[in-house]
Amino acid sequence: METALYLLPVTLGDTPIEKVLPAYNKEIITKIKYFIVEDVRSARRFLKKVDRSIVIDDLTFFTLNKHTSPEEISGFLKPLAEGNSMGVISEAGCPAVADPGADVVAIAQRKNYKVVPLVGPSSIILSVMASGFNGQSFAFHGYLPIDAGERLKRLKELENRVYSENQTQLFIETPYRNNKMMEDIIKACRPQTKLCIAANITCEGEYIKTRTLKEWNGKLPDLSKIPCIFLIYK
């Protein structure tokens, strides 16, 4: 196994490992002793899910989240500098995509360490694939503003990009604000604009549907308990 910083995708929910991750990932994971993780407890659960024989007490974890300082992040790579492979694990999906793991990858690239991304589920890519929208030009915007006025303004801006740039627009919301987000999309955008709602991707109860806003109006699902990705296109 080549010494590198390995980016280790995580299942998007309680999906069985073998359904979404190649066997090769397990081979790599079981050889790594140093992990940079968003949350230690969930990372431990994931590793045990990969292989019950992994001895968690033999591993070293470095916590990387929005509170971690740049100085701390730089120090995380000391084991890699000493010739030990390291793994990056986010809460779900692919590390370093809409994820603080990008900061440590940037440092690894700057220091000329080898970075190896492994195959795994990405809710962003999977939702684009299943939407029927433009997959050659799309933009992911994370969370939109919480303030109602600012959010409506932002939605109008994104819809304008759909029509002016022929570009699919993606964004996410916390579960308890999903229903309000869907209502705001209908309020801000044109009836003919299409909305794809994607939730529980790769999991039981997967939900991915594309309709015009006119078709969605009055028929919105209740998605107040699960994370969603919203995509708009023409």
Side-chain angles (χ1 to χ4, degrees), residues 1-65 76-77 79-80 84-109 113-131 135 138 140 142 170 172 175 196-208 225-229 231:
M1 171 174 150
E2 195 170 6
T3 299
L5 181 67
Y6 289 90
L7 310 183
L8 311 172
V10 175
T11 53
L12 296 173
D14 292 329
T15 314
I17 291 283
E18 61 275 9
K19 183 177 177 181
V20 291
L21 296 179
Y24 177 72
N25 288 29
K26 179 178 178 179
E27 294 177 23
I28 294 294
I29 290 170
T30 54
K31 294 174 182 175
I32 296 175
K33 299 298 181 184
Y34 300 90
F35 294 91
I36 298 168
V37 305
E38 195 169 355
D39 181 85
V40 174
R41 284 186 299 178
S42 60
R44 286 172 173 166
R45 285 196 298 270
F46 169 70
L47 293 172
K48 277 295 187 182
K49 189 176 178 182
V50 170
D51 189 336
R52 297 293 303 176
S53 69
I54 291 176
V55 181
I56 298 298
D57 290 343
D58 290 346
L59 309 177
T60 300
F61 295 93
F62 303 89
T63 304
L64 173 60
N65 54 40
F76 289 171
L77 294 177
L80 186 60
N84 300 289
S85 286
M86 301 188 72
V88 180
I89 300 175
S90 67
E91 282 293 88
C94 296
V97 178
D99 176 78
D103 293 333
V104 77
V105 174
I107 294 171
Q109 290 286 5
Y113 297 139
K114 188 172 181 63
V115 177
V116 178
L118 298 190
V119 174
S122 164
S123 58
I124 296 170
I125 296 299
L126 293 173
S127 63
V128 173
M129 289 168 61
S131 67
F138 57 90
F140 176 67
L170 298 84
I172 55 177
C196 177
I197 302 171
N200 275 343
I201 298 176
T202 74
C203 302
E204 185 177 351
E206 181 177 79
Y207 183 96
I208 308 174
K225 296 181 180 179
I226 51 178
C228 292
I229 289 187
L231 305 87

Would you say NZ of K48 has more than 12 non-hydrogen atoms from neighbouring residues, nucleotides or ligands within 6.0 angstrom? yes
Once rounded to the nearest 0.5 Å, what's the spacing between atom OG1 of T30 and atom CG of D51? 6.5 Å
When you look at CG of D58, are more than 12 heavy atoms from neighbouring residues, nucleotides or ligands closer to it than 6.0 Å? yes
For P121 versus L21, what's the shortest heavy-atom pair and its separation? CD-CD2, 3.7 Å
With side chains defined as the heavy atoms from C-beta onward, is the minimum distance between N65 and D39 less than 4.5 Å? no
In the structure I gave you, are the side-chain heavy atoms of S127 and L170 within less than 4.5 Å of one another anywhere? yes
Can you tell if the side chain of M86 reaches within under 4.5 Å of the side chain of I36, non-hydrogen atoms only? yes
Quick one, M1 and Y6 - any side-chain contact, counting heavy atoms below 4.5 Å? yes
Side-chain contact, heavy-atom cut-off 4.5 Å: I54 with I29? yes
List the steps and the verdict of side chain to side chain contact (heavy atoms under 4.5 Å, CB included) for F138 and I125. CA-CA 10 Å; F138 57 90; I125 296 299; 4.0 Å; yes
Pair I28, V116 - check side chain to side chain contact (heavy atoms under 4.5 Å, CB included), show working. CA-CA 11 Å; I28 294 294; V116 178; over 6 Å; no
Is the backbone of G93 close enough, under 3.5 Å, to the side chain of S122 for a donor and an acceptor to pair up by distance? no
Aromatic rings F76 and F62: how do their planes relate, parallel, tilted or perpendicular, breaks at 30° and 60°? tilted
Is there side-chain contact between T15 and C203, with heavy atoms separated by less than 4.5 Å? yes
Euclidean distance, L231 CG relative to S131 OG, rounded to 0.5 Å: 5.0 Å
Got a second to check how far C228's SG is from I172's CD1, nearest 0.5 Å? 10.5 Å
Supply the atom-to-atom distance I32 CD1 to L8 CG, rounded to the nearest 0.5 angstrom. 5.0 Å
All heavy atoms of N84 vs all of T3, minimum pair found to be C-CG2, 4.0 Å
What heavy-atom pair brings A198 and I201 nearest, and what distance separates the two atoms? CB-CD1, 3.8 Å
Quick one: are V128 and F140 in side-chain contact, heavy atoms under 4.5 Å? no
Would you say I17 and F46 make side-chain contact, with heavy atoms under 4.5 Å? yes
How many angstroms lie between CD1 in I197 and CD1 in I229, if you round to the nearest 0.5 Å? 12.5 Å
Reported NZ-to-CD distance for the pair K114 and Q109, which is rounded to 0.5 angstrom: 9.5 Å
Counting only heavy atoms not in K26, do more than 12 sit closer than 6.0 Å to its NZ atom? no
